[in-house]
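By convention in this document, chain letters (A, B, ...) are assigned in the order of the sequence lines, proteins followed by strands, and residues within each chain are numbered from 1.
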Amino acid sequence: MRASKSVLAALRKTMSYNPMALCRFLGSSTALSSSSSPDCTVWNKKISHLIRTGQIEEAKKVFNAIEHKNTVTWNAMITGHVKRREMAKARKLFDEMPERDVVSWNLMISGYLSCRGVRFVEEGRLLFDQMPVRDTISWNTMITGYLRDGRVSDALRLFESMIERDVVTWNAMISGFLQNGVIAKAIEIFESMPERDSTSLCAVVSGLIHNGRIDKAAKLLVEFGAKDGYSENLVNAYNALIAGYSQRGQVDEARRVFDQIPYFCDQGKRRGMGFEKNVVSWNKMIKCYVKAGDLISARGLFDQMIDRDIVSWNTIISGYVQVPNMEGAIDLFNRMLYRDAITWNSMIMGFAEVGNLELAYEFFQRMPQRNLISWNSIISGYEKNSEYDWAINLYLEMQADGMKPDQHTLSSILSGCAGSVNLLLGAQIHQQVTKLVIGDVPINNSLITMYSRCGAILEARTMFDEMKTKDVISWNAMIAGYASHGYATEALQLFEFMKQQHVKPTQVTFTSVLSACANAGFTEAGKYYFNSMASQFRISPRMEHFSSLVDMIGRSGQLQEALHLIKSMPFQPDKTVWGALLGASRVHNNVTYGRIAAEALMTLDPESSAPYALLYNIYADLGQLNEAAEVKMLMRRNNVGKHVAASWVGSPHSETRTF
DNA sequence: TTAGGGTTAG
């Protein structure tokens, strides 16, 4: 096939838009020699296009078919492999190619350096040393590679031995130093560089924010941002600053920056050339208000926006979902022209949060394309609302659908297994976790909880012991496992070991520790631990800690001391605390304290029949039948007690105790 | 082929 020169020229002109057209015209089955194609530029572009669109096999076919390749052809093919980190394949081509130019060398170096790891960095350096002629890009690539790998001094050595540095070199040094936390040096470089561009400023601002130096970032942005010569992408730096303040909860500061952007726009000569706020600025500011819980201001900005994008809508919807105000969210949802998975997922999460699983499921069903987060949201929704079997069924459905679970899915489903005491599935998930190599700390913690809730306390302990890295939650989970199964000694031993390992306990730790003491009747130990909360760890005791202490002191017979403790509490005791005193009074059949506790409970929780029932039993056991009858009458008069003495859920230990 | 940025949902 032979194409006329003019046709080829016309086609070449449109090449960059539609390279496939040329291919179709020429037919791709024939050998692509220079006789059928005047030069290989066209084919090189075709290869580049195929690589850009991820069709490397196709690219390889074209590459192999070309008879007379030039250096660009080889480089294009090498690019394809380098992008996919296939360095062995890239290297083979590089070694085979008849003539290399500086781009070939640079490509290989950048490929090796992107792979990270000492071996690859050294390989890159070897090529850098071997190459006959280096340009600035070679140097910049090598410096960036070192900085990415944390080798700051190597980078600095190269930088200092460079003769002709360009702005990219300086910028690479700035961002690299900031990435490695060498802040002072980065600022020094920024301030001493011969010419700055907007990238320099963006790099230094975002890097400083990343390193917690937001005020310095703001100062530099104000100082250098107002000067001439910076391009429109400076707004990115302002946006980064808004996001930085937003993350720290400094709403007013963020708003000040947000309002400042058009101010500098007036200062700059090219008004309307991009110095103004863009949609990202608005979205970040709205997000800032949402994060601070100021939905009114967030909505105000949202309503003022002229060009909203999907992120604007999703941000404001997430604000309503977080409150949660699902009516508002639905209203916005209905007004949206285009929705994406994030929109739908936010709605699902919101409905799950307010316990409306029907609507959550309906939205889950209705959404056009579910992703992993959709599944995770609906599964965790059911799990959090104690619908464990639904959660487990959805998990099975998810897998049948070919969706691979991640650590969020597994953590939800493990909680589901713990909730429904499904040891069989829990152990299966454990195997899956091992296979998927998602052995991260939160997942392992869920496994501990799952095993211990299912009563497999030995498996829980094995899990705990095998964890290479633990956090305080791992310790809490294991201690809680022991405590809730009556292994008080083991719980306290582990707690002592935890302190030896210098892991700082939390309020949750003490909840389990005190509950273990209460269940086992270790009153003195319990008092000691309770006092150590504030004195050793600066943790203020919460309601559940007081109620445990009241429980154990009361049950040991020191009812007066228990009442004294209640009176000395820094906040109003709730029904769990009074319930503990009432329970203890029942154990000792003590009318005096039983009455006090029961009366407090009747005021706090007028619906509950439990205080009447307990008080009745105390009187009855003491043979004071008249008083017992009075209690019954009182209960009838107050219109409580359809199920007499049936369910008492006020005490933290209600499951393990019978009244 | 080198530098910055890339918002929203767990």
Legend entry - Under the ring pair (Phe, Tyr, Trp, His ring centres under 6.0 Å) test, residues paired with A:Trp74 that sit two or more places apart: A:Phe63
Legend entry - Protein-to-nucleotide contact annotation, 5' to 3' order, nucleotides 3-10 of chain B [B base; S sugar-phosphate only; - none; under 4.0 Å, heavy atom]: BBB-BBBB
Legend entry - Those residues that, when tested against A:Ser374, pass side-chain hydrogen bond (donor to acceptor under 3.5 Å, both in side chains) (two or more places apart): A:Asn345, A:Asn371
Inset, instruction - Send over the distance from A:Trp105 CH2 to B:dT2 P, rounded to a whole Å. - result: 18 Å
Inset, instruction - With sequence neighbours excluded, give me every side chain to side chain donor-acceptor pair (under 3.5 Å) pair touching residues 347-359 of chain A. - result: none
Inset, instruction - Select base, sugar-phosphate, or nothing to describe what A:Ile137 touches, counting heavy atoms under 4.0 Å on all strands. - result: base
Legend entry - Test side-chain hydrogen bond (donor to acceptor under 3.5 Å, both in side chains) applied to A:Tyr382 - qualifying residues, sequence neighbours left out: none
Inset, instruction - Among residues two or more places apart or on two chains, list those pairs meeting side chain to side chain donor-acceptor pair (under 3.5 Å) that have a residue in residues 89-100 of chain A. - result: A:Arg91-A:Asp95, A:Arg91-A:Tyr112, A:Lys92-A:Glu96
